[in-house]
Amino acid sequence: MEASVLFVCLGNICRSPTAEGVFRHKVRLAGLEDRIHIDSAGTGAWHVGNPPDSRAQSVAAARGISMAGQRARKVRYEDFERFDYVLAMDRENLEDLRAMAPDEHYDKIRLFLEFAEQRAETEVPDPYYGGPQGFEHVFDLVEEAADGLLADIVERYRF
Ligand code: 4NP
């Protein structure tokens, strides 16, 4: 049995690609790359086909994570069928996803930071119009939540 995770933000060039890259790295280190399918998407279409924002890539590279080959795409209706976890970076993404999702898949849609139990924050803030420290903060939040998510999947699927 395979588990599947879709990370979702607005543009799919900053937060959700970072989550995808970080989570893919952790899953590979855990030897679970054949058991967990990972992707990311945006609720908006402005950046479809584009690589992750260079600022996000720089922060990731400095921490040993490559996002090479990742390209932005928009969330599709079929994603709610395909993925077990549909994880929103902020409440706006959450509401947009809930508005799109078929009723039977509504419960798959959650805030990613639910898995960062030690954090007071519940949303990954949009870093697009801010400075480089915003991207560092995104990375820190994502890294913590990714650990919690992996633990959740390992327990739920008994990997
Ligand atoms: P993301 O960041 O949702 O984390 O990918 C953004 C990227 C682009 C825009 C907004 C947020 N934009 O308005 O173009």
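Each ligand, and each atom within it, is numbered from 1 in the order the structure gives.
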Any nitrogen or oxygen of [X], side chain or backbone, less than 3.5 Å from one on ligand 1?
X	answer
C14	yes
R15	yes
I13	yes

Shared ILVMFWY cluster between L111 and V8, side chains joined below 4.5 angstrom? yes
Does a salt bridge link [X] with [Y], judged by any charged N lying under 4.0 Å from a carboxylate O?
X	Y	value
R156	D84	no
R73	D39	yes
R24	E20	yes

Which word best sums up how the rings of F115 and F112 line up, parallel for under 30°, tilted for 30 to 60°, or perpendicular for over 60°? tilted
For atom 1 (P) of ligand 1, the option (of S16, C9, G44) bearing the nearest heavy atom: C9
Is it the case that the side chain of R55 and the backbone of Y128 share a donor-acceptor pair, with hydrogens and angles ignored and the cut-off at 3.5 Å? yes
Close-contact set for ligand 1 against [X] heavy atoms, below 4.0 Å:
X	value
G11	1 (P), 3 (O), 5 (O)
D126	2 (O), 6 (C), 10 (C), 11 (C)
Y129	13 (O)

Quick test: of every protein heavy atom, which one is nearest to atom 14 (O) of ligand 1, and how far off is it to 0.1 Å? H47 NE2, 2.7 Å
The protein heavy atom nearest to atom 7 (C) of ligand 1 is Y128 CD1, 3.5 Å
Could you give the side-chain donor-acceptor pairs of residues 135-146 under 3.5 Å, partners two or more places apart or in another chain?
from : atom 1 : to   : atom 2 : distance (Å)
E136 : OE1    : R63  : NH2    : 2.8
H137 : NE2    : E121 : OE2    : 3.3
D140 : OD1    : R63  : NH1    : 2.9
D140 : OD1    : R63  : NH2    : 3.1
E143 : OE2    : K26  : NZ     : 3.4
E144 : OE1    : R119 : NE     : 3.0
E144 : OE1    : R119 : NH2    : 3.2

What do we get for D53 next to ligand 1 when only non-hydrogen atoms under 4.0 Å count, side chain, backbone, both or neither? neither
State whether the number of non-hydrogen atoms from other residues, nucleotides or ligands found under 6.0 Å of E104 atom CD is greater than 12. yes
Please state whether M89 comes within less than 4.0 angstrom of ligand 1, counting heavy atoms only. no
